[in-house]
Amino acid sequence: MARKNHMIGNWKMNQSQADIKNFMETFPTEKFSCETWIAPQFVHIPMLQDLGAAKGINVGAQNCAANEKGAFTGETSPATLKDLGVNFTLIGHSERRAIYGETDSLINTKTKLALSQGLTVVFCCGETLEEREANNTKDVVGSQILNGLKDIDANDLKNVIIAYEPVWAIGTGKTASPEQAEDVHGFIRSLASEKLNFAADDLVILYGGSVKPANVEELLNQANIDGGLVGGASLTGESFGALCKAASSN
Ligand code: PGA
């Protein structure tokens, strides 16, 4: 079992060009042993690729289209991302599901297309507060995973990372406790092995939802947490640097 920790910044619809330059000036120069990935807004991908290469930052996308090419105004295809030298994309983030109405079926289509273009997919899932309080966390997360990753063969699944992000913890400052997160991560790993024919020991499972330097260690200490998908705390070089440092020493 050789899972490598991943620290992935999801910049969402944030950061100006000046902010990105400032980020790079304050991000540590030391090379981290964890995978250090950032998903900026599409238009900033080339800029961050240029500035981030020397610091080992792998630049990806926050979303991609469900179609290969053609009359889909405003969309960006996996092939276009690949052409830009991008090699990963987030898919199914809870903001895409809640604000843009993305369904498991659309997410499944996008995932298959992105994988067919050779992109790694960071597949996001997670329950709302109501679903957790009704004791439905595992049903919800399980069905998002089984439907979203339906009919994908074992070979392609090697290029999938799962990010468990409880919706109630995203951007709220409320983090799942390490025990709550570990409980769901352990469930995801057994589900992957039993139902998806995944090489489950190799599956990277990230936690997301108010990860910050102050709580990252206790999360990373859990057996089934292999890093973080981080919004707010990934926006400054100091803070994201501290998270990458923790993920490199854990
Ligand atoms: P947050 O966002 O770290 O700001 O909670 C995480 C995410 O939405 O990926």
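Residues take their numbers from the sequence shown, with the count starting at 1.
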Hey, is E102 close enough to R97 for a salt bridge, meaning N to O under 4.0 Å? no
Run the ring-ring contact (aromatic ring centres under 6.0 Å, His included) test on F240 and W11 for me, step by step, so that the C-alpha distance in whole Å, both residues' side-chain angles and the decisive distance to 0.1 Å come before the verdict. CA-CA 11 Å; F240 193 57; W11 282 358; 8.0 Å; no
Summary of ring-ring contact (aromatic ring centres under 6.0 Å, His included) pairs that have at least one residue in residues 63-110, sequence neighbours excluded: W37-F88
With no hydrogens and no angle check, do the side chains of S193 and S190 hold a donor and an acceptor under 3.5 Å apart? no
Check: N136/E131 side-chain N/O donor and acceptor closer than 3.5 Å: no
Tell me, which pairs form a salt bridge (Lys or Arg N to Asp or Glu O under 4.0 Å) where one or both residues lie in residues 209-238, sequence neighbours left out? R3-D226, R189-D226
Short question: side chain of S234, backbone of G9 - any donor-acceptor pair under 3.5 Å? no
Can you classify the ring geometry of Y207 versus H185 as parallel (below 30°), tilted (30 to 60°) or perpendicular (above 60°)? tilted
Under 3.5 Å, is there a donor-acceptor pair between the side chain of E165 and the main chain of C124? no
Write down the atom of W168, the atom of Q180, and the distance for their closest heavy-atom approach. CH2-OE1, 3.8 Å
Please report the shortest heavy-atom distance between L106 and A66, naming the atom on each side. CD1-CB, 3.8 Å
For this output row, return yes or no: ring centroids of F27 and F32 closer than 6.0 angstrom. yes
Evaluation steps, side-chain contact (heavy atoms from CB on, under 4.5 Å), between E127 and Y164: CA-CA 9 Å; E127 82 288 1; Y164 167 60; 2.9 Å; yes
Could you walk me through whether N155 and L157 pass the side-chain contact (heavy atoms from CB on, under 4.5 Å) check? CA-CA 5 Å; N155 213 34; L157 287 173; over 6 Å; no
Determine which pairs satisfy side chain to side chain donor-acceptor pair (under 3.5 Å) with at least one residue from residues 51-68, sequence neighbours left out, and list them in order. N58-N87, N63-K110
With heavy-atom distances below 4.5 Å as the criterion, would you say the side chains of N5 and E35 are in contact? no
Cluster question for you: counting only ILVMFWY and a side-chain heavy-atom cut-off of under 4.5 Å, with indirect links fine, are V59 and L243 together? yes
Could you tell me whether the side chains of T111 and N108 share a donor-acceptor contact shorter than 3.5 Å? no
